[in-house]
Structures are given as structure tokens and as C-alpha cells.
Protein chains: 2
Amino acid sequence: MVTISDVAKLAGVSVSTVSRVINDNPHVTPQKRQAILNAMNELGYAPLQAARQLRGSGTETIAVVVPEIVNPFFSYLVDTIERVIDEKGFKTLIIQTFGQKRNELNALNLLKVNQVDGVILCAIENDFETIKAYLTYGKIAVCNEYVNDETVSMIYGNQFEGIRQGTQYLLSKGKRRIAYCTGRRGIMMQPRGVNFDSDRYLGFIKALQVQQLSFDPELLFTNAHTIDDGKRILQQIRTLSAPPDAVVAGSDEVATGIVSEAVKSGLQIPDQLAVLGVDDQPLARYLQYPLTTIRQPIKAMGHKVAEVLLNEIKHPETKTSREMLDLKIVPRKSA
Amino acid sequence: MVTISDVAKLAGVSVSTVSRVINDNPHVTPQKRQAILNAMNELGYAPLQAARQLRGSGTETIAVVVPEIVNPFFSYLVDTIERVIDEKGFKTLIIQTFGQKRNELNALNLLKVNQVDGVILCAIENDFETIKAYLTYGKIAVCNEYVNDETVSMIYGNQFEGIRQGTQYLLSKGKRRIAYCTGRRGIMMQPRGVNFDSDRYLGFIKALQVQQLSFDPELLFTNAHTIDDGKRILQQIRTLSAPPDAVVAGSDEVATGIVSEAVKSGLQIPDQLAVLGVDDQPLARYLQYPLTTIRQPIKAMGHKVAEVLLNEIKHPETKTSREMLDLKIVPRKSA
DNA sequence: AAACAAAAAGAAATCGATTTCAAGAAAGTG
DNA sequence: CACTTTCTTGAAATCGATTTCTTTTTGTTT
């Protein structure tokens with residue numbers, strides 16, 4: 001292994017001077033700087049991360065935290081984010097929480113032990129007060145989710161408006177009894193703008209209200225994540241005495257499960273049951289019933305959050321950003 | 001930050017003794033060990049990775065290297081691998097190469113600078129001799145791909161047999177003029193068993209040979225990765241004076257693109273053109289033409305490679321493994 | 001040209017762990 | 001009981017960088 005002192009020796013200077021050129025300290029004469037640069041090149045020297053970390057200098061690394069990478073929404077989000085981080089010469093650490101608080105805390109802990117300069121959370125598992133405590137150790141930015149707090153930057157989609165428009169679209173097709181699926185265990189009502197899930201739900205309710213419709217709680221389905229959850233939900237729907245004529249599925253996976261099981265049961269899509277997805281996954285348009293779905297601004301979101309965080313790292317005094325991006329309904333065959 | 005000396009102070013011993021219990025050194029009396037454990041608990045102490053790395057002790061971290069995580073094949077592979085690594089109390093570093101040699105070398109370099117104990121390569125970008133050079137610094141295992149070399153463990157699917165059976169399936173449906181798509185720039189012929197791509201191609205040719213058919217090089221399409229590549233390929237196919245009656249698409253994405261464009265052109269699937277995918281992605285069965293495809297043993301492969309590598313790390317004298325797993329054809333509608 | 005400020009460069013301390021070495025305590029042997 | 005041998009333990013060196021403190025060199029001003 002070639003170390004800083006090897007470089008110093010070859011360049012005929014002290015290690016301190018080498019360290020100065022590594023860290024862009026101005027107090028080095030151009031000749032020595034060049035000599036050192038040459039030596040570094042000749043030896044193929046790269047500073048050892050561990051040693052730098054130990055002294056508490058920057059790591060030029062960002063941790064990107066997602067629930068699970070097999071979800072295309074998150075894999076595309078990570079992809080976009082990583083490309084921006086790369087571009088700026090930083091490194092990326094992809095971390096999966098699998099929905100567990102402990103894993104999210106481990107990721108945040110990387111700030112404390114100086115393994116990363118910043119963390120991008122693409123979901124929130126812990127209480128936000130707990131998360132905020134880590135701001136002492138480094139920068140944090142939140143992407144996709146949001147809470148009512150100005151201390152960290154948040155870039156997210158306008159869930160309220162997206163779901164409202166999607167629901168309105170269903171209503172415009174003459175649907176009147178619309179079911180609603182959510183990934184969470186239940187709906188926790190919040191004022192508008194403070195929380196991802198409740199915003200979606202508020203958007204849904206809002207669209208109904210405009211048509212003076214009220215929501216039948218029998219049509220609320222929770223814990224909906226996978227294709228199989230979708231299938232399960234359709235089975236539950238079939239047992240209802242007054243079944244819905246449309247469903248806001250909450251994700252393309254769930255929508256796919258619902259549609260596939262509905263077809264199997266002989267229901268006409270979208271006449272007897274219209275199904276609205278969310279995300280617009282790459283394959284959504286190639287499905288048996290190409291999904292009508294609400295596209296999330298993944299690229300813009302990833303781009304923006306990475307840029308904002310990197311900027312905060314470079315200029316620590318920058319004040320935090322909060323940006324809301326539009327979702328877009330993509331009409332196809334399922335609704 | 002709580003350090004090892006804080007623990008030492010509280011427990012009333014020296015740092016050396018604390019270090020001993022951290023590293024399971026037997027030469028510590030049970031009483032002191034307990035006192036130290038208590039102190040560690042009370043202070044919520046965790047050793048700083050950077051400091052350990054600096055001294056060259058184990059990091060209990062594995063780097064998993066994939067071309068790109070947006071490809072579901074790789075995201076599911078990573079998922080399986082990470083779960084095993086987790087289970088054994090190790091940490092996972094997910095690294096994307098985006099197909100670039102430089103990024104793969106950076107990942108391998110983590111071994112040199114002691115940031116990881118092992119690397120799992122789920123694809124190979126560099127010359128294998130270059131990769132082998134890193135074995136001095138830690139363990140390497142290869143998953144999915146393979147080369148003719150016994151110095152590192154390799155767990156992979158039987159590509160030859162998988163594609164052979166798939167092609168045979170097409171032949172059994174009466175197809176006689178079969179096109180072949182590959183992700184690489186071209187086909188480099190190798191003896192059987194030494195290389196992923198050439199094995200696939202050999203399996204394809206083998207199936208043709210059994211029927212005394214030869215392959216028309218006009219039907220070879222290279223650089224096929226995405227849905228759009230599939231669409232492009234179908235356009236090229238349409239310009240052929242003697243078009244194929246079936247395609248081995250090389251991946252579900254490419255198959256999806258071919259099918260979608262074929263339908264648009266009014267071709268009958270599978271009668272006029274049968275399309276065979278590879279991978280069996282989650283949505284493959286829900287497509288407009290549910291894909292007939294060759295399923296890869298992702299779970300078994302991920303499981304096995306992680307176990308093998310972790311075992312080699314724990315018992316460095318273990319000799320390397322080489323295991324071949326079966327692919328399985330999944331007949332649906334596209335062929 | 002003398003006096004002083006600013007810039008450049010090196011020596012040594014430091015970060016938080018592990019590891020070597022040496023010393024002291026306990027246990028085993030004849 | 002004297003003498004090894006084996007266990008425990010702690011002090012100090014070490015890993016490879018950064019950073020503080022000093023010293024030396026250079027530049028500016030009168």
C-alpha cells in the first residue's frame with residue numbers, strides 16, 4: 001500500500017505539505033504542488049478513507065436510504081440520485097431498511113461515525129424527532145416523503161393533487177363507488193401538507209366531496225404493497241354486498257394484482273371495475289390491461305434532492321429547501 | 001462520541017483488555033469480561049469502524065457489485081444476497097458499475113483499503129486476470145457469470161442447458177428460423193463451460209444442430225438490453241427478406257419490446273413470431289402476451305454465493321466452490 | 001536597508017482502535 | 001518448596017491520514 005509518506009518522500013517534502021495539496025489548501029507553492037501531484041500519479045496514490053475518517057474530515061460519501069430496492073419506484077429513484085452524486089465526484093452508499101426502524105437508525109449513525117457526509121431518506125421509518133437528532137453530525141434530506149418540519153430539506157410529489165386528479169378522473173368516467181388502498185396499517189388523519197399518506201387520502205376524499213359523495217369505510221383496504229395483496233383485495237371486494245365500481249390501488253403492483261384477479265373472476269375492466277395505479281412502472285403500459293396510473297416525478301425528485309443535499313454540504317449555511325413536484329395522470333386501459 | 005477508553009475507565013481496566021473482549025480474545029477473566037460488557041452496554045458503545053479498519057482488522061462487510069440496480073434481475077439477486085449477509089451479522093455494500101470497468105475496480109479496491117472483507121461480483125467487467133490480482137487483499141466470489149478459473153468461487157445458472165431447452169421448445173412448436181439476441185457487442189466463441197455469453201450461444205446452436213439446422217448470421221442481434229432495444233430489433237426484423245418465425249430475446253425487457261412492436265405491426269404472436277424471454281420478471285406473466293421465458297435460479301444463486309463467500313471468510317482455508325444451478329422454462333403465451 | 005507582516009513548510013500531536021511486548025499472578029511440575 | 005509454564009493485564013507502539021504549532025522564507029513598507 002502506498003501511503004502519504006511514500007508520496008512525501010518521492011516528492012521531497014513533508015507529509016503535511018502533501019496533505020495540504022490533497023485538501024486544496026492554498027499555502028503551497030505551485031512548483032511543490034506540481035511535484036507532489038506528479039509523485040501521487042507515479043505511485044498511484046489514493047488517500048485511505050479510514051485514516052481520513054478517523055481525523056474527522058469529509059468522506060465525500062452520501063448514504064441513500066430506501067425501504068427495499070426490489071421496488072422499481074425506489075430502484076429508479078436511487079439510480080437517478082446516484083448519477084447526480086457521481087457527477088459531483090461523491091460516492092454513494094445504498095442502504096435498505098426493509099421497513100425496519102433499526103436499519104434506518106444504523107444508516108443515520110453513519111453520520112455520527114463520520115462514514116458519510118450526508119443521508120438521503122427516501123422513506124421515513126422512525127419518529128421525526130429521533131431523526132432530527134442526527135442533524136448535529138451531518139446533513140439529512142428527505143425525498144418522496146415529508147413531514148411538517150423545516151429543519152431538513154424535503155423534495156416530494158404533490159400527493160394530494162395527484163390522487164385528487166386521479167380520483168376525479170375515475171369520477172369523470174361515471175364511477176361513483178370508489179375503493180381506496182393504502183400501504184399503511186391505517187389512515188392517520190393530519191392537516192393537509194404534513195404527511196404523505198394522509199395527503200393522498202385527503203386528495204381522494206376531496207375529489208369525492210366535490211361530487212357530494214362520502215366514503216364508505218368498508219371500501220378502505222390497508223397493508224397493500226404487492227401483487228398478491230392486490231389479489232387478496234379483489235377477493236375481499238367480491239364478498240362485499242355493495243362492491244365498488246373503481247379502485248384507487250396505491251401502486252402499480254397492487255393494481256396489477258387486482259386487475260389480474262378481476263379478469264379471472266370474469267369482471268369487465270374497466271366497465272365493471274376501473275383500476276387506477278400509481279408510479280407508472282416501465283412495464284405498466286405493456287400489461288394485459290395497460291394501467292391507467294399516476295406517474296411520479298422520479299427523475300426530477302431524485303435530481304433535485306441530490307443537488308440540494310450536495311449543495312448544503314458544500315455550503316453548510318444554506319437554508320433548507322422544500323419543493324413539491326407535480327404528479328401526472330397517464331390514461332390507458334385499466335380505468 | 002463514546003470511545004474505547006471511556007469504556008475502559010468505567011470498567012476500571014485498560015483499553016487493551018476492552019479490545020480483547022471486543023475481539024473475543026480468550027485471555028480475560030470472566031469477571032472483568034462481564035464488567036466490560038456492562039460498561040459497554042451502559043454507555044451504548046460501538047467501536048468506530050474507521051479506527052478498526054486502520055489497524056487492518058475485519059470489517060464484517062461485503063460489497064455486492066451489480067451492473068445496475070434498476071434491472072429487476074439484479075435487484076432481486078441483491079435482495080436475496082443481502083438477506084443472507086444480514087442474517088450472519090455482516091453488513092452489505094451495494095455497488096453499481098453501470099457497466100464500467102473503473103467502477104468495478106473501485107469496488108475491488110475496497111478490499112485493498114480494508115473497507116470490506118469480501119466482494120461478490122454479479123457480473124464481470126474487467127479482464128479476469130486483473131480481478132484475480134485483488135485476491136491478495138480479501139475474498140472474491142462470482143455469481144451469475146463465470147470464467148474458466150478455479151481460484152474464486154462461482155455460482156451460476158446453467159446457461160447452456162437453459163437456452164438449449166428454450167430453443168428446443170421453440171423448435172417443438174414448429175419454428176425453424178430462429179433469431180438470437182444478446183446483450184454483448186458480439187459473440188466471442190469459447191469452449192463450453194468457460195463463459196456466460198458463449199455458453200448461451202452454444203446452447204442455442206446445439207438445439208439447432210440436433211434438428212440439422214444452421215444459424216443464419218443475419219438473425220443475430222447484438223447490444224440488446226432494454227425494451228427500446230427490443231422495439232429496434234423488431235424494426236430490423238421487418239426489413240429482412242426472410243424474417244424469422246421466432247426469437248430468443250435474451251431478457252424479458254427485450255422480449256417485451258419485440259412483442260409490443262410486433263403487435264403494433266400486426267404480427268400474430270406466437271403464430272407468426274414466437275418470442276422467448278429470459279429471467280421471468282414479476283410482471284412477465286401479467287403482460288398483454290404473458291411471456292414464455294426461462295426462469296433464472298435467482299434465490300438459490302444469491303443464497304449460495306453469499307453462504308460460500310461468508311464461509312470462506314470465516315474459514316480462509318476452505319477451497320473454492322463451483323456450482324451450476326438449473327434454469328427452468330416457463331411456458332406462457334408469447335411462444 | 002531595517003522592520004514587520006504574510007506565506008510556505010515541517011515536526012509532532014492527534015483521531016480510536018489493535019497488537020506487541022513485558023511484567024506480574026496463578027497454576028502445574030518434580 | 002523452588003522452578004517452570006501458562007494466564008492475565010497494562011503500557012506503549014502502531015495504522016495513515018489531518019491539524020496545530022513553530023520555524024523558516026518571502027514580500028512589503030517606510
Side-chain angles (χ1 to χ4, degrees), chain A residues 1-37 39-40 43-61 91 109-117 137-138, chain B residues 1-37 39-40 43-61 91 109-117 137-138:
Chain A
M1 259 228 35
V2 28
T3 74
I4 195 173
S5 25
D6 298 331
V7 175
K9 213 166 291 168
L10 180 58
V13 300
S14 72
V15 291
S16 337
T17 308
V18 177
S19 176
R20 284 191 187 96
V21 347
I22 294 172
N23 295 285
D24 289 323
N25 183 309
H27 297 305
V28 180
T29 51
Q31 302 95 296
K32 298 224 170 185
R33 160 164 280 120
Q34 195 52 56
I36 291 168
L37 255 24
M40 283 168 61
L43 297 172
Y45 166 78
L48 191 64
Q49 270 307 320
R52 309 189 75 179
Q53 285 174 220
L54 197 52
R55 284 302 267 144
S57 71
T59 59
E60 313 216 310
T61 304
K91 280 152 275 167
N109 216 50
L110 296 174
L111 289 172
K112 205 188 238 179
V113 300
N114 201 20
Q115 290 206 59
V116 301
D117 294 342
Y137 309 111
Chain B
M1 259 227 38
V2 28
T3 73
I4 194 173
S5 23
D6 299 330
V7 176
K9 213 166 290 167
L10 181 58
V13 298
S14 72
V15 292
S16 336
T17 308
V18 177
S19 177
R20 285 189 187 97
V21 348
I22 294 172
N23 296 286
D24 289 322
N25 182 311
H27 298 304
V28 179
T29 52
Q31 303 94 295
K32 299 223 171 191
R33 159 163 279 119
Q34 195 52 55
I36 291 169
L37 256 24
M40 283 167 62
L43 298 173
Y45 167 77
L48 190 64
Q49 270 308 320
R52 308 190 76 179
Q53 284 174 222
L54 197 52
R55 284 303 266 143
S57 71
T59 58
E60 313 216 309
T61 303
K91 278 151 278 170
N109 217 52
L110 296 175
L111 288 172
K112 205 188 241 180
V113 299
N114 201 21
Q115 290 206 59
V116 302
D117 293 343
Y137 309 111

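Residue numbers start from 1 in every chain, and the chains themselves are labelled A, B, ... in the order their sequence lines are given, proteins ahead of strands. Note that the structure is a prediction, hence the values are computed from the model and not measured.
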**OP:** Using heavy atoms and a sub-4.0 Å distance, could you list which residues of residues 49-58 of chain B are near DNA chain C? By number, please.
**Re:**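 Residues of residues 49-58 of chain B that come under 4.0 Å of DNA chain C are, in numerical order, Ala51(B), Arg52(B), Leu54(B), Arg55(B), Ser57(B).
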Original post:
Quick one: is dT8(D) close enough that its OP1 or OP2 comes under 4.0 Å of any side-chain N or O from His27(B)?
Top reply: yes
Original post:
Is any side-chain N or O of Lys32(B) closer than 4.0 Å to OP1 or OP2 of dT9(D)?
Top reply: yes
Original post:
At their closest point, which heavy atom of Ala11(A) faces which heavy atom of Ala35(A), and how far apart are they?
Top reply: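 That would be CB-O, 4.1 Å.
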Subject >> Nearest heavy-atom neighbours spanning Gln115(B) and Thr61(B) >> reply: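 Where Gln115(B) meets Thr61(B) most closely, the heavy atoms are O-CB, 3.9 Å.
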**OP:** Quick one, give me the B/S/- string for nucleotides 20-28 of chain D, reading 5' to 3', where B means a protein heavy atom under 4.0 Å from the base and S means that only happens at the primed atoms, P, OP1 or OP2.
**Re:** B--------
Just how far is it from atom [atom1] of [X] to atom [atom2] of [Y], taken to the nearest 0.5 Å?
| X | Y | atom1 | atom2 | value |
| --- | --- | --- | --- | --- |
| Ser14(B) | Arg20(B) | OG | CZ | 6.5 Å |
| Leu110(A) | Gln53(A) | CG | CD | 9.5 Å |
| Asp6(B) | Met1(B) | CG | CE | 8.0 Å |

Original post:
Between which nucleotides of DNA chain C, read 5' to 3', does contact with chain A run, using atoms under 4.0 Å from its heavy atoms?
Top reply: dA7(C) to dG16(C)
Are any non-hydrogen side-chain atoms of [X] and [Y] less than 4.5 angstrom apart?
| X | Y | value |
| --- | --- | --- |
| Ile36(B) | Arg33(B) | no |
| Thr59(B) | Gln49(B) | yes |
| Leu54(A) | Leu48(B) | yes |

Original post:
If you look at every strand shown and take non-hydrogen atoms under 4.0 Å, does Thr29(B) touch a base, only sugar-phosphate, or nothing?
Top reply: sugar-phosphate
Original post:
Val18(A) near the nucleic acid: base, sugar-phosphate alone, or nothing, with a heavy-atom cut-off under 4.0 Å?
Top reply: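 No contact.
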Original post:
Using the C1' atoms of the five pairs at each end, what is the angle between the end axes of the helix from dA1(C)-dT30(D) to dG30(C)-dC1(D), to 10°?
Top reply: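 The angle, to the nearest 10 degrees, is 30°.
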Original post:
Looking at residues at least two apart in the chain, or sitting in another chain, which of them share a side-chain contact (heavy atoms from CB on, under 4.5 Å) with Ile4(B)?
Top reply: Val15(B), Val18(B), Ser19(B), Ile22(B), Tyr45(B)
Original post:
Just wondering, are more than 12 heavy atoms of other shown residues or ligands nearer than 6.0 Å to NZ in Lys91(A)?
Top reply: yes
Subject >> CA sep, side-chain torsions, deciding dist, call: Arg52(A), Asn23(A), side chain to side chain contact (heavy atoms under 4.5 Å, CB included) >> reply: CA-CA 11 Å; Arg52(A) 309 189 75 179; Asn23(A) 295 285; 2.9 Å; yes
Which atom pairs, donor and acceptor, lie under 3.5 Å between side-chain atoms of residues 24-31 of chain A and protein residues at least two apart or in another chain?
residue	atom	partner	partner atom	Å
Asn25(A)	OD1	His27(A)	N	2.9

**OP:** Give the rounded distance in Å between these two atoms: CG of Asn25(B) and P of dT6(D).
**Re:**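 Going from Asn25(B) (CG) to dT6(D) (P), I get 17 Å.
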